[in-house]
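Report on the following structure.
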There are 2 protein chains.
Amino acid sequence: MQFTSVWLREPRRSGSPGRSRDEIVGAAVELLDREGLDGLSMRKLGAKLGAGATSLYWYVATKDELLELAYDQVWGEMTAHDPDGVGWRDAVSALAHSMRQVILRHPWSADLIGRLPALGPNAMRVSDAMRRMFKVAGFTGTTVDFATATLTAYVFGMTIPEVAWDTTMGEAQHDPDELRAAVRKVAADYPEMLESVEMDAYEDPRTVRELCFDFGLLSMLDGLERRLTT
Amino acid sequence: MQFTSVWLREPRRSGSPGRSRDEIVGAAVELLDREGLDGLSMRKLGAKLGAGATSLYWYVATKDELLELAYDQVWGEMTAHDPDGVGWRDAVSALAHSMRQVILRHPWSADLIGRLPALGPNAMRVSDAMRRMFKVAGFTGTTVDFATATLTAYVFGMTIPEVAWDTTMGEAQHDPDELRAAVRKVAADYPEMLESVEMDAYEDPRTVRELCFDFGLLSMLDGLERRLTT
DNA sequence: ACCTGAACACCGTTCAAGT
DNA sequence: ACCTGAACACCGTTCAAGT
């Protein structure tokens, strides 16, 4: 077994005594939400649980395994509805929005998308739900997987840099003039970019990003639907 | 100035003496290509340059700045053609493929997309080139930005998990049976997923991913084109 | 202007030892 | 079965000191 993942080995069977894996993962997620990916260390997490730092290695082989567990818990917050009632486009849209919101709520998870494969049970459940939506739409065979991969790619690809922007820009939104000045400096050689920065300046950035996400999602759905009719 | 980025402060002016920033960034990229994101440490990089580990702090305020520099160098490898000759769809397609290939060549950069804003001159050049393509297509105003963001999101969203998969699965591709067994275990509860795993098993995974990327890209372009005609 | 080395405050992980 | 503490081999960064 050259590759490793928590999901590919048997969990430690245990009765009631001792700490549970859920308890540890829950505390980890809390710490991650509060302090970000760099804020999670085995020592801090141990302390939070009132235990020695190295006790955790009884439940988890490595820190990466812990992150895999926490990552899948994030997938667990994504909600998928039955496509039969509302139609596949609405079902996919709602799921896409849910995925985006969940990532935005747990910014550290954006980093993990590029670091860990999503093999946990919750990730599987979400993928399967989306696959079913595309089957309802009329996709068959490999194109079901392709459509699922495509839409997931769009959602994550849109959300990941959003998170990067928010976290590096921190709370600088207090002073939009300063921020605009910075962007102006960086885009100095591209007059058209400057224009659009000025244009957006009067809108709430959150609103703009929402509009942008919906624009792309609509395009994505139209493009996928087109695959069905030709 | 609450937020920080190499691109938002004046670089250190220097004549010929001493090391140059380019030299340092070049060595960093080499190290990153060879050993990955975790393989780059200030000490190792210093050693590689025949210098003390802390000398680098003369040229760079922090390791993150160094990564910003290296990241933008990756953007520098992406090539954009003039849309006037080939038409906007082909120009955008070629750029999308170029972006994907460059990321695959520098897997560590996939992680950075979610960590650093792309504010460097090369990132700006690529964004501006894509913007021009969409202007040629007929987009105007805000939709130029939306289309650019949408397509970029798709490309990165598709490529980032691809990299994650490759790096965690390492060289396990030697033994496809083992890998298939692993996936089968994880997807045990989803019979349809199992089916498609079996189906893909006889194809080269690289080919499948290429097909998937083109499927999604085509859909994306169709969907964007549709925005123009209504 | 450029570079050094020592030092600080951290890391993840291993392992022998305890209960 | 579960937890501990000490220890190892690392980190990024600061800073006084050198040339």
Side-chain angles (χ1 to χ4, degrees), chain A residues 4-6 9-25 27-28 31-32 34-71 108 111-112 115-116 167-168, chain B residues 4-6 9-29 31-32 34-71 108 111-112 115-116 167-168:
Chain A
T4 53
S5 169
V6 220
R9 55 182 197 84
E10 297 305 324
R12 202 172 287 282
R13 292 267 154 259
S14 78
S16 37
R19 249 166 283 271
S20 78
R21 228 186 209 189
D22 283 351
E23 189 187 349
I24 292 170
V25 176
L31 205 52
L32 287 162
R34 192 146 27 86
E35 304 194 25
L37 203 50
D38 292 337
L40 176 71
S41 76
M42 299 305 263
R43 288 173 225 261
K44 274 197 215 166
L45 183 57
K48 190 180 160 77
L49 291 164
T54 57
S55 319
L56 305 169
Y57 284 92
W58 178 255
Y59 300 93
V60 134
T62 175
K63 190 190 177 185
D64 264 18
E65 276 202 8
L66 182 65
L67 288 174
E68 269 190 292
L69 262 4
Y71 182 40
W108 48 273
D111 268 359
L112 297 184
R115 196 130 89 222
L116 309 170
T167 58
T168 66
Chain B
T4 54
S5 168
V6 220
R9 54 182 196 85
E10 296 305 324
R12 199 169 294 276
R13 290 270 153 259
S14 78
S16 38
R19 250 166 284 271
S20 79
R21 225 185 211 190
D22 284 350
E23 189 187 349
I24 291 170
V25 175
V29 170
L31 206 51
L32 286 163
R34 192 150 23 87
E35 306 194 26
L37 204 50
D38 291 338
L40 176 71
S41 77
M42 298 306 262
R43 288 172 226 262
K44 274 196 215 166
L45 183 58
K48 191 180 159 75
L49 290 164
T54 56
S55 319
L56 305 169
Y57 284 92
W58 178 256
Y59 299 93
V60 134
T62 174
K63 190 189 179 186
D64 263 18
E65 277 202 7
L66 182 63
L67 288 174
E68 270 191 290
L69 262 3
Y71 182 40
W108 49 274
D111 267 1
L112 297 183
R115 197 129 90 222
L116 308 169
T167 58
T168 66

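Order of the sequence lines sets the chain letters (A, B, ...), proteins ahead of strands, with each chain counted from 1. The model shown is predicted, which means the values in this text are computed figures rather than measured ones.
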### Message
Quick one, B:D64 and A:T168 - any side-chain contact, counting heavy atoms below 4.5 Å?
### Response
no

### Message
What is the separation between atom CG on A:L40 and atom P on C:dC10, rounded to the nearest whole Å?
### Response
15 Å

### Task
Using a 4.0 Å heavy-atom cut-off across all strands, classify A:A51 as base, sugar-phosphate, or nothing.
sugar-phosphate

#### Entry: A:L37 CG - C:dC11 P separation (whole Å)
13 Å

### Message
Rounded to whole Å, how long is the line connecting atom CE of A:M42 with atom C1' of C:dC10?
### Response
16 Å

### Task
Using whole Å, report how far OH of A:Y57 lies from P of C:dT13.
4 Å

### Message
Using a 4.0 Å heavy-atom cut-off, does B:L45 contact any base of the nucleic acid, only the sugar-phosphate backbone, or nothing at all?
### Response
nothing

### Query
Does OP1 or OP2 of D:dC3 have a side-chain N or O of A:Y59 closer than 4.0 Å?
yes

### Task
Quick one: label B:L56 by what it contacts on the DNA or RNA (base, sugar-phosphate, nothing), any heavy atom closer than 4.0 Å.
nothing

### Position toward the 5' end of DNA chain D (nearest nucleotide), A:S55 or A:R43
A:S55

### Message
Please give the distance between the P atoms of C:dA9 and D:dA9 as a whole number of Å.
### Response
22 Å

### B:W58 side chain near C:dC2 phosphate (N/O to OP1/OP2, under 4.0 Å)
yes

#### Entry: B:V60 vs B:V6 side-chain heavy atoms within contact, under 4.5 Å
no

### Task
Scan every strand shown for a Watson-Crick or G-U wobble partner of D:dA6, both distances under 3.5 Å, and answer none if you come up empty.
C:dT14

### Task
Write down the distance between CG (A:D38) and P (D:dT13), rounded to a whole number of angstrom.
11 Å

### Task
List the steps and the verdict of side-chain contact (heavy atoms from CB on, under 4.5 Å) for A:L67 and A:L40.
CA-CA 10 Å; A:L67 288 174; A:L40 176 71; 3.8 Å; yes

### Close side-chain approach of A:D111 and B:R115, heavy atoms under 4.5 Å
yes

### Query
Base, sugar-phosphate alone, or nothing: which one does B:S41 contact when heavy atoms must sit under 4.0 Å apart?
sugar-phosphate

#### Entry: Separation of D:dC3 C1' from A:I24 CD1 (nearest whole Å)
12 Å

### Query
Are B:L66 and B:L56 close enough, and set up right, to give a side-chain contact (heavy atoms from CB on, under 4.5 Å), and what steps lead you there?
CA-CA 9 Å; B:L66 182 63; B:L56 305 169; 5.6 Å; no

### Query
Within the pair A:T54 and D:dT4, is there a side-chain N or O less than 4.0 Å away from OP1 or OP2?
no

### Task
Round to a whole Å and report the spacing from CG of B:L67 to C1' of D:dC11.
14 Å

#### Entry: Atom-pair distance (NZ on A:K44; P on C:dA9), nearest Å
15 Å

### Task
Select from A:A61 and A:G39 the residue whose nearest nucleotide in DNA chain C is closer to the 5' end of that strand.
A:G39

